[in-house]
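Here is how names work: the chains are called A, B, and so on, in the same order as the sequence lines, proteins then strands, and each is numbered from 1. Not measured: the values here are computed from a predicted model.
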Amino acid sequence: MSQPRPDLAPDPGLSRAEMETLQRDIADIAVFEDDFAFDPDALSNPLAAAASGDEQPIIVGVDQSFLTNADGEQDRALSAVVATRGGEVIERVHAVTGLEIPYIPGLLSFREGGPILAALEELSVDPELILFDGSGRIHFRQAGIATHMGVVRDVPSIGVAKSLLCGRPREDTDDLPAGSRVAIEANTRVDAPDGTLIGYAVQTRQYDSPNRHINPLYVSSGHRVGSETAAEIVLELATSYKLPEPVRLADTYADEAKREFNQ
DNA sequence: GCGACAG
DNA sequence: ATCTTGTCGC
């Protein structure tokens with residue numbers, strides 16, 4: 001049985017090589033298959049689930065915004081956390097911490113992990129699933145921010161990215177119909193045998209007709225959630241908008257909190 | 001050397 | 001990520 005690993009929290013002071021080594025360790029510890037108690041199929045219809053006596057899991061969405069300095073430099077990250085249950089918001093918290101390192105593709109968790117863990121500490125409820133803005137297994141060392149945070153907290157997690165960091169879609173992903181998905185497999189840039197399934201391009205919404213498309217989301221398992229289930233959960237949670245509701249709410253909250261911080 | 005690169 | 005109103009198209 002796995003357990004929280006606060007000792008593996010992202011340390012921005014590590015050398016680049018040490019960061020990459022830690023990510024390989026994280027990937028080894030991560031569980032890329034279902035290992036949680038709730039019923040993922042009951043998420044799309046909370047009312048029916050409640051009627052049949054099932055308890056809805058507490059699902060949390062996380063997103064960041066950045067605060068700028070008097071000199072116009074991004075010096076702090078604001079991590080917004082929104083907890084939901086049965087589609088309702090039950091808690092919102094946020095935390096602001098100084099930024100230690102710049103954005104480097106592949107090392108995102110070392111820049112934003114600190115703020116995120118700080119915000120999660122403020123939560124009074126216990127997340128049963130956390131959705132992050134960014135990749136999980138779709139990562140050079142199969143340890144994106146969703147995987148790193150999931151392993152440190154030992155909570156089921158899913159990565160939801162708006163663009164593809166690495167890997168290769170098995171089919172064309174242009175103009176996919178709503179509700180569909182295309183497998184993303186490892187390519188040369190991923191530390192996994194070529195062809196390994198590492199996630200899905202998930203089309204949660206699509207315009208009805210002519211010349212105007214919506215890009216898919218790139219969904220991957222973070223920790224204790226399999227690729228298939230991760231894709232299904234995101235589809236169930238993206239009821240009215242492109243992004244799954246918890247992430248969309250966190251996105252909005254991150255901007256709100258930032259505004260009142262500047263005013 | 002060139003290309004690729006979550007937020 | 002961020003700077004930001006209107007605007008093109010359904």
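- For the pair A:N262 CG and C:dT2 C1', the interatomic distance rounds to 12 Å; values are reported in whole Å.
- For A:K258, the listed nucleotide lying nearest its side chain is C:dC3; candidates were B:dA4, C:dC3, B:dA6.
- Under a cutoff of 6.0 Å and an axis angle of 45°, A:R181 and A:Y200 form a cation-pi pair.
- Nucleic acid contact for A:I138: none, since no nucleic acid atom lies under 4.0 Å from a heavy atom of the residue.
- A continuous path of ILVMFWY side-chain contacts below 4.5 Å connects A:Y103 to A:I116, so both sit in one hydrophobic cluster.
- Note: CG (A:L67) to P (B:dG7) measures 19 Å, nearest angstrom.
- Stacking annotation: A:Y103 is stacked on the base of B:dG7 (ring centroids less than 5.5 angstrom apart, interplanar angle below 30 degrees).
- Distances shorter than 4.0 Å separate some side-chain N or O of A:K162 from OP1 or OP2 on B:dG7.
- Between A:H94 and A:Y253, the distance separating the two ring centers is shorter than 6.0 angstrom.
- Clustering ILVMFWY residues whenever any of their side-chain heavy atoms sit less than 4.5 angstrom apart, transitively, puts A:V202 in the very cluster that holds A:L197.
- The distance from atom CG of A:L164 to atom C1' of B:dG7 is 14 Å, rounded to the nearest whole Å.
- When the P atom of C:dT2 is taken as reference, atom CG of A:D255 falls 6 Å away, rounded to whole Å.
- In this structure, A:R248 is positioned above the aromatic face of A:Y241, its NZ or CZ under 6.0 Å from the six-membered ring centre and within 45° of the axis.
- Among the protein residues, A:G106 comes within range of the nucleic acid bases, having at least one heavy atom under 4.0 Å from a base atom.
- Between the CG atom of A:D251 and the P atom of B:dA6 there is a distance of 17 Å, given to the nearest Å.
- A:F132 places its CZ atom 17 Å from the C1' atom of C:dA1, with the value rounded to the nearest Å.
- Atom CG of A:D71 is separated from atom C1' of C:dC3 by 17 Å (rounded to the nearest Å).
- Heavy atoms of A:T68 sit nowhere under 4.0 angstrom from any nucleic acid atom.
- Summarising the geometry, the separation between CG on A:D175 and C1' on C:dG9 is reported as 15 Å, rounded to the nearest angstrom.
- Backbone-only engagement by A:S163 is indicated by non-hydrogen atom pairs under 4.0 Å involving sugar-phosphate atoms exclusively.
- Aromatic rings from A:H148 and A:F110 are positioned such that their centres are separated by under 6.0 Å.
- Using a 4.0 Å heavy-atom cutoff across all strands shown, A:I116 reaches no nucleic acid atom at all.
- Considering A:V219, A:V247, A:L237 as possible partners of A:I158, the one that fulfils the side-chain contact (heavy atoms from CB on, under 4.5 Å) test is A:V219.
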Convert the base pairs of DNA chain B into dot-bracket notation, remembering that pairs crossing earlier ones are written with [ ] and that bases paired across to another strand are shown as |; include only Watson-Crick or G-U pairs under 3.5 Å.
.......

